[in-house]
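Keep in mind that what you see is a predicted model, and the values were worked out from it rather than measured.
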Protein chains: 2
Amino acid sequence: MSDNPTDITHERILNCSIVLFARSGFHGVSMRQVAEAVGVTVAALYYHFKDKEELYLTAVKHIFNNRLPISAADLREDIDPWQSLDQFIHHFIQTLVADADFQRLLQWVLLDTDTARSQTLTDKVFAPFFAEVTWMINRIAPVQDAHLQAVSMIGLMVFPFESSHVRRFLPGYQLPQQTPDVLTQHIINLLRGGLLGVANESKS
Amino acid sequence: MSDNPTDITHERILNCSIVLFARSGFHGVSMRQVAEAVGVTVAALYYHFKDKEELYLTAVKHIFNNRLPISAADLREDIDPWQSLDQFIHHFIQTLVADADFQRLLQWVLLDTDTARSQTLTDKVFAPFFAEVTWMINRIAPVQDAHLQAVSMIGLMVFPFESSHVRRFLPGYQLPQQTPDVLTQHIINLLRGGLLGVANESKS
DNA sequence: GTCTATATTACGATAGAC
DNA sequence: GTCTATCGTAATATAGAC
C-alpha cells in the first residue's frame, strides 16, 4: 500500500514470482530461481515471505485481484443485456491477450487440488467474478441454470487460450482468431444463435 | 503388446504413473513416489524407462491413445449431423466422468510449454481427434470457421471438469450438473440455439 | 529384471554477521 | 533488510551384485 523501500522490494518479488510461476507452476519453480530473477539472495525472500507457499499464494492473489475485477460499466442496469455481455467478454478477452501470465496462472490454479487453497482463492477472487457473470446471464436467460451457463461462457472465453500451445500445430489455426475482436464476435455469435449463428434466430 | 512379464511390469508402472502425474503433474511427482506406488525400487524404473521424462511422456501417450479416439459410430455419413454430434459429446463427456485421471492429464498437457513434447503429442493424438470434431462441425455449419467452432465445442465439454475443483465452492453448483446426460443436453442446447436455447430457433 | 548402495546435484529453510 | 554460509533432506540417475 505505502511506498517505502520494503514494500517496493515486496512488490518486485511478487512480479518476478508471477512470471516464473505462470511459466512452470508451483513445483516447477525453486526459491533459488525466484531469488535470481529478483536479484537478491534466497534469504532475502524468506525475510518477506515465511515460506514458498505463502509467496506463491500472495503472488496469485496479487495478480488475480488486479485482473479479475470487471468494469462497472458492464454492469449497468440501463444498458442492453446483450451489449453489456459483449462489452464484458471483449474486456475479459483483452485482459487474457494482454497478460499471458494471468491466463496461465488461472490455468495452474484450476489444477490445484489443495482444498484450503482453492477455497480461499474462490471466496476472495472467483466468487465476486462469478456472481457478476451469473447476473449478466440471468438478465438474458432467466429461466435457465445460470451456474451452468456461466461455466460455459467462461469456458468459451478461456479455453482458446488454454489450448493455444497445442492448437498452433493443428490445421486451421491462425493468430488473428485470437484477437479480442474476432474472438468476442465468435463467442457472442455462438451465445446468441448457436453453431449456426444468428441466422436461425428470430429477430428480437 | 505381448504378455511377457516385462511388459506386465511395464504396464503397471504406466498405470501407477498416470494416477500420480494426473494428481500432481510432472514436477509434482518424484521417481521415488512412483517406485513406491508400483512396489519396486527406483532402479527398476530406470530399467524400463531411460529417465523421468520418457516415463511421463509414455504414460500420457498411453492414456490418451486409450481415451481420445472417438467411436466410429459417431462418424457415419448417413446419420443426422445433430444426432451424430449429440452421440459424440455424450460419449466424450462420459469418458471425462469415468476417468478423472485422463481429464486431469489433459489439463496438465495443455500447460506444457515444451515445444517438442507438445508437437509430438499433438501430431500423434490430438490431430486425429481434432480432425473428427472439425468434420462434424463442418457438416452442420460449413461456412463458419471450423477451427474456432471446434475449439469452442471442446472447451464447452472440457471446461466444466477443469473448473470443478474451484466451482464446488461457488453458488449454484450441483453434482447432477456434471452427469453426462445433463451436461450433454446443456451443450447441445447451447450449440443449437445459444443462451436462449432452441426456443428462438426456426424449426429445421 | 530387480535389488542395494551411492554419486551428485538441487531443494527448502535458517542462523548469524553486517 | 540483505548478505554469507550452511544444515538436513530429497531429487535424478547410475554402478554393480544377484
Side-chain angles (χ1 to χ4, degrees), chain A residues 1-62 105 108 111-114 116-117, chain B residues 1-62 105 108 111-114 116-117:
Chain A
M1 298 301 169
S2 75
D3 276 358
N4 65 58
T6 303
D7 291 348
I8 290 177
T9 305
H10 202 89
E11 181 113 355
R12 207 168 80 251
I13 294 175
L14 288 183
N15 287 331
C16 294
S17 305
I18 284 166
V19 176
L20 292 172
F21 284 131
R23 190 189 307 154
S24 310
F26 180 79
H27 288 115
V29 176
S30 68
M31 295 298 271
R32 286 169 160 84
Q33 286 177 273
V34 176
E36 191 184 16
V38 178
V40 295
T41 62
V42 175
L45 299 182
Y46 281 94
Y47 172 81
H48 291 275
F49 303 92
K50 85 169 213 281
D51 57 16
K52 186 184 172 186
E53 170 137 352
E54 190 188 273
L55 170 60
Y56 173 73
L57 211 67
T58 310
V60 170
K61 277 188 205 158
H62 184 257
L105 272 178
W108 285 111
L111 267 167
D112 196 350
T113 48
D114 186 293
R117 267 201 304 269
Chain B
M1 298 301 168
S2 76
D3 275 359
N4 65 58
T6 303
D7 289 349
I8 290 179
T9 305
H10 202 87
E11 182 114 354
R12 207 168 82 252
I13 294 175
L14 288 183
N15 287 329
C16 293
S17 304
I18 284 167
V19 176
L20 292 172
F21 284 133
R23 190 188 307 154
S24 310
F26 181 79
H27 292 294
V29 176
S30 68
M31 295 299 269
R32 288 159 196 249
Q33 287 175 274
V34 175
E36 190 183 18
V38 178
V40 295
T41 62
V42 175
L45 299 182
Y46 281 95
Y47 172 81
H48 291 274
F49 303 92
K50 86 169 213 281
D51 57 16
K52 186 184 172 186
E53 169 137 352
E54 190 188 273
L55 170 60
Y56 173 74
L57 211 68
T58 311
V60 169
K61 275 189 206 156
H62 183 256
L105 272 179
W108 286 112
L111 267 166
D112 196 349
T113 48
D114 185 293
R117 270 202 303 269

Colleague: Looking at every strand, decide which applies to B/V29 at a 4.0 Å heavy-atom threshold: base, sugar-phosphate, or nothing.
Modeller: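 Since only primed, P, OP1 and OP2 atoms lie under 4.0 Å of B/V29, the category is sugar-phosphate.
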Colleague: So A/L105 and A/F21, side-chain contact (heavy atoms from CB on, under 4.5 Å) or not? Walk me through it.
Modeller: CA-CA 7 Å; A/L105 272 178; A/F21 284 131; 4.0 Å; yes
Colleague: How many Å lie between CE on A/M31 and P on D/dT2, as a whole number?
Modeller: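 After rounding, the gap between these two atoms is 14 Å.
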Colleague: Would you kindly give the CG-to-C1' distance between B/D51 and C/dT9, to the nearest whole Å?
Modeller: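 Nearest whole value for this atom pair: 16 Å.
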Colleague: Taking atom C1' of D/dT12 as reference, at what distance in whole Å does atom OH of B/Y56 sit?
Modeller: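 Nearest whole value for this atom pair: 18 Å.
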Colleague: Quick one: pull up NE2 in A/H62 and CG in A/L14 and give me the separation to the nearest 0.5 Å.
Modeller: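 Going from the NE2 atom of A/H62 to the CG atom of A/L14 covers 5.5 Å.
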Colleague: Once you round it to whole Å, what is the distance between P of D/dT12 and CZ of B/F49?
Modeller: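 Result: 15 Å.
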Colleague: Let me know the distance between NE2 of B/H27 and P of D/dA11, rounded to the nearest Å.
Modeller: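 The distance from NE2 of B/H27 to P of D/dA11 comes to 14 Å, rounded to the nearest Å.
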Colleague: Could you give the OH-to-P distance, from A/Y47 to C/dA15, as a whole number of Å?
Modeller: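 Rounding to the nearest Å, OH of A/Y47 and P of C/dA15 are 16 Å apart.
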Colleague: Answer yes or no: does a side-chain N or O of B/R32 lie under 4.0 Å from OP1 or OP2 of D/dA10?
Modeller: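 Checking B/R32 against D/dA10: no side-chain N or O falls below 4.0 Å of OP1 or OP2.
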Colleague: Restricting to non-hydrogen atoms, name the atom on A/V29 and the atom on A/K52 that form the minimum distance, rounded to 0.1 Å.
Modeller: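 The pair with the smallest heavy-atom distance is O-NZ, 2.7 Å.
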Colleague: Measure NZ/B/K52 against P/D/dT12 and give the value in whole Å, please.
Modeller: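 Nearest whole value for this atom pair: 5 Å.
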Colleague: Got a second to check how far A/S17's OG is from A/L57's CG, nearest 0.5 Å?
Modeller: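 Rounded to the nearest 0.5 Å, the OG-CG separation comes to 12.0 Å.
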Colleague: Quick one: B/R12 CZ to C/dT2 C1', roughly how many Å, whole number?
Modeller: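 After rounding, the reported distance stands at 12 Å.
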Colleague: Are A/H27 and B/F26 an aromatic pair, judged by ring center distance below 6.0 Å?
Modeller: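 Ring-ring flag for B/F26/A/H27: false, centres at least 6.0 Å apart.
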Colleague: Using a heavy-atom cut-off of under 4.0 Å over every strand shown, decide if A/V38 touches base, sugar-phosphate, or nothing.
Modeller: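 It contacts nothing in the nucleic acid.
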Colleague: Does D/dT2 have OP1 or OP2 sitting under 4.0 Å from an N or O in the side chain of A/H48?
Modeller: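 Yes, such a contact exists.
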Colleague: Closest-nucleotide mapping onto DNA chain D: is B/A43 or A/I13 further toward the 5' terminus? I mean the 5' end.
Modeller: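 The 5'-side residue here is A/I13.
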Colleague: Hey, does A/T41 reach any base, or is it just sugar-phosphate, or nothing, if we go heavy atoms under 4.0 Å?
Modeller: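 If one applies the 4.0 Å heavy-atom cut-off, A/T41 turns out to touch a base.
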Colleague: Indicate whether OP1 or OP2 belonging to D/dA13 is found under 4.0 Å from a side-chain N or O atom of B/Y46.
Modeller: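 For B/Y46, the contact criterion (side-chain N or O under 4.0 Å from OP1 or OP2 of D/dA13) is met.
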Colleague: Please confirm whether the shortest side-chain N or O distance from B/S30 to OP1 or OP2 of D/dA10 is below 4.0 Å.
Modeller: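 No, because none of the side-chain N or O atoms of B/S30 sits under 4.0 Å from OP1 or OP2 of D/dA10.
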